[in-house]
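These values consider heavy atoms only, across backbone and side chains, with no hydrogens, waters or symmetry-generated copies.
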Amino acid sequence: VQLQASGGGLVQAGGSLRLSCAASGGTFDNRNMAWFRQTPGKERTFVAAIQRGGQTTHYADSVKGRFTISRDIAKNTVYLQMDNLKAEDTAVYYCAADRGGRTYSSNYYFLRSTYNNWGQGTLVTVSS
């Protein structure tokens, strides 16, 4: 499956953005989906995940209560609604998908190695 992320941009602290990740070329509804982010010189870190079926979500502590991940099966798209943005949220955001058809123990959703399909990234810049 190919993933295309969009929606990044420049926003002031306290503002909101919604990222989108459109999937094509493969099945979507049976895949676990996630967002990660990366800043220069640092490793890519987990932000949020949504399990196949769309009922269960997982969040990094740093974004819990501010970010919401969701998916639209009809549009083959996963979203990341980001509210009350902070300067430390500045990063390139990547969407990711796993191979599909699997359910994991909770901690596995936070791992990069769980996902084998990655989008190209979209830059979010939060000015303070």
Show which side-chain atoms of residues 118-125 pair as donor or acceptor with protein atoms under 3.5 Å away, not counting sequence neighbours.
unit_1 : atom_1 : unit_2 : atom_2 : d
Trp118 : NE1    : Tyr115 : O      : 3.4
Gln120 : OE1    : Ala5   : N      : 3.2
Gln120 : NE2    : Ala5   : O      : 2.8
Thr122 : OG1    : Gly8   : N      : 3.0

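- Under a 3.5 Å cut-off, the side chain of Arg102 and the backbone N or O of Asp98 do not form any donor-acceptor pair.
- With sequence neighbours excluded, the residues satisfying side chain to side chain contact (heavy atoms under 4.5 Å, CB included) with Asn116 are Arg99.
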Report the C-alpha separation of Phe67 and Leu85 in whole Å, then their side-chain angles, then the decisive distance to 0.1 Å, and conclude whether the side chain to side chain contact (heavy atoms under 4.5 Å, CB included) test is met.
CA-CA 9 Å; Phe67 290 11; Leu85 282 160; 3.8 Å; yes
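- In terms of the side chain to side chain contact (heavy atoms under 4.5 Å, CB included) criterion, residue partners of Tyr79 (sequence neighbours excluded) are, by chain and number, Arg18, Ser20, Ser70, Asp72, Lys75, Thr77.
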Show your working on side-chain hydrogen bond (donor to acceptor under 3.5 Å, both in side chains) between Arg52 and Thr103 and close with a plain yes or no.
CA-CA 8 Å; Arg52 61 190 185 102; Thr103 301; 3.3 Å; yes
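- In this pair, His58 and Phe110 present their aromatic rings perpendicular. The plane angle is above 60°, beyond the 30 to 60° band.
- The side chain to side chain contact (heavy atoms under 4.5 Å, CB included) check on Lys64 picks up Tyr59, Asp61, with sequence neighbours excluded.
- With hydrogens and angles disregarded, a donor-acceptor distance shorter than 3.5 Å links the side chain of Gln38 to the backbone of Lys42.
- Applying the side chain to side chain contact (heavy atoms under 4.5 Å, CB included) rule to Ala97 yields the partners Val1, Leu3, Arg31, Met33, Asn117; only residues at least two apart in sequence or on another chain are considered.
- There is no path of hydrophobic side-chain contacts, each under 4.5 Å, that joins Leu10 to Val126.
- One hydrophobic cluster holds both Tyr104 and Phe46 under the rule that ILVMFWY side chains link at heavy-atom gaps under 4.5 Å.
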Start with the C-alpha distance between Arg37 and Thr45, add both sets of side-chain angles, then the distance that settles side chain to side chain contact (heavy atoms under 4.5 Å, CB included), and finish with yes or no.
CA-CA 5 Å; Arg37 65 187 180 186; Thr45 59; 3.8 Å; yes
Would Tyr94 and Trp35 satisfy side chain to side chain contact (heavy atoms under 4.5 Å, CB included), going step by step from the backbone distance to the final call?
CA-CA 6 Å; Tyr94 297 88; Trp35 288 95; 5.9 Å; no
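- Residues Leu80 and Phe36 do not share a hydrophobic cluster, clusters being chains of Ile/Leu/Val/Met/Phe/Trp/Tyr side chains in contact below 4.5 Å.
- The same ILVMFWY cluster, assembled from side-chain heavy atoms under 4.5 Å apart, contains both Leu17 and Ile69.
- A donor-acceptor contact under 3.5 angstrom links the side chains of Asp83 and Ser16, judged on distance only.
- With sequence neighbours left out, Tyr108 forms a ring pair (Phe, Tyr, Trp, His ring centres under 6.0 Å) with no residue at all.
- Looking only at side-chain heavy atoms (C-beta outward), Met82 and Leu19 come within less than 4.5 Å of each other.
- The pair Arg71-Asp29 does not count as a salt bridge, with every side-chain nitrogen at least 4.0 angstrom from each carboxylate oxygen.
- The CD atom of Glu88 lies 9.5 Å from the OG atom of Ser128; values are rounded to the nearest 0.5 Å.
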